[in-house]
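What follows is a short report on a single structure.
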Amino acid sequence: MFDSLVPFIEDRLKKHHELYSGQCKAEYWEENLCYALKQAGFGSDWAPDFNHGVGVDQTTDSGIRISNKGGNVEKDEVIISGSRLTKHKTIEDKLNFLSDKKEDYIFCLATDKNDWSRGRKVYYFIVVDSKKLDYHEQQWEENIGVRGASKDKLTGWSCICENYSAKICKSMSDQLWTTVKLDYCEEIHEIVVV
């Protein structure tokens, strides 16, 4: 469905690396995707005003809500960072918030550290259907620290299901981290920047 974006994303990443040696992340990824969406005919409402809604970085002309994320590919999985959930006090509050999907798709621009450590600029454009990440329907367990200052204290929560696992880390402002099996993703496109 989104494979028509790949040549435009590749072109934008090449331009990015004409200027920068570092990876394309955060607002750079948002802006580069915006241009790719427009060039592919999807359109985008993204603007460089740092004023997007919770969970949504841009919306296409047809109303597809997109959350831009970075990620790390490891073996047959991608690890994606998510929302910071400190304002939601209990695990139930956090899961209720996560059950109200603000985005339709996560567009992840991931890298594999092994590629980059060898000097290869390889990106993975990965599309995840947000509805498939049904956090609120999973069995979450408390994580208790085993050593140091966190010994015997609640350090967060985690869940494991067939196609993904997730954890909420108290030490990182209750940030959500999701590890998704690559074969559970909608699309995966390797982009090599030369």
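Keep in mind that the numbers below use all heavy atoms, side chains included, and drop hydrogens, waters and symmetry copies.
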Flag the pair [X] / [Y] as yes when their ring centroid distance falls below 6.0 Å, and as no otherwise.
{"X": "H17", "Y": "Y123", "value": "yes"}
{"X": "F125", "Y": "F2", "value": "no"}
{"X": "Y35", "Y": "F8", "value": "no"}

Can any side-chain N or O of [X] pair as donor or acceptor with the backbone N or O of [Y] at less than 3.5 Å?
{"X": "T59", "Y": "G63", "answer": "no"}
{"X": "K101", "Y": "L133", "answer": "yes"}
{"X": "N68", "Y": "F107", "answer": "no"}
{"X": "D11", "Y": "P7", "answer": "no"}
{"X": "R65", "Y": "Y105", "answer": "no"}

So, taking the atom named [atom1] in [X] and the one named [atom2] in [Y], what distance separates them when rounded to the nearest 0.5 Å?
{"X": "D112", "Y": "K75", "atom1": "CG", "atom2": "NZ", "result": "11.5 Å"}
{"X": "T111", "Y": "W116", "atom1": "OG1", "atom2": "CH2", "result": "7.0 Å"}
{"X": "D3", "Y": "E186", "atom1": "CG", "atom2": "CD", "result": "12.5 Å"}
{"X": "K132", "Y": "C185", "atom1": "NZ", "atom2": "SG", "result": "8.0 Å"}
{"X": "I168", "Y": "H88", "atom1": "CD1", "atom2": "NE2", "result": "10.0 Å"}
{"X": "L5", "Y": "E10", "atom1": "CG", "atom2": "CD", "result": "12.5 Å"}

Is it true that [Y] and [X] share a donor-acceptor pair across their side chains at a distance under 3.5 Å?
{"X": "D93", "Y": "T90", "answer": "yes"}
{"X": "Q58", "Y": "S44", "answer": "yes"}
{"X": "Y124", "Y": "D115", "answer": "yes"}
{"X": "T155", "Y": "N143", "answer": "no"}
{"X": "H189", "Y": "E187", "answer": "yes"}
{"X": "S130", "Y": "E103", "answer": "yes"}
{"X": "N96", "Y": "E92", "answer": "no"}
{"X": "W157", "Y": "E142", "answer": "no"}

Cation-pi, Y164 ring and K181 (6.0 angstrom, 45 degrees): no
Pairwise side-chain contact, I126 with L182, heavy-atom cut-off 4.5 Å (strictly under):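 The answer is yes, as the side chains (C-beta and beyond) meet within the 4.5 Å cut-off.
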Sub-4.5 Å side-chain heavy-atom contact between K102 and D100: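 Yes; the side chains approach each other to less than 4.5 Å.
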Cationic N near anionic O, under 4.0 Å, K14 to E18: no
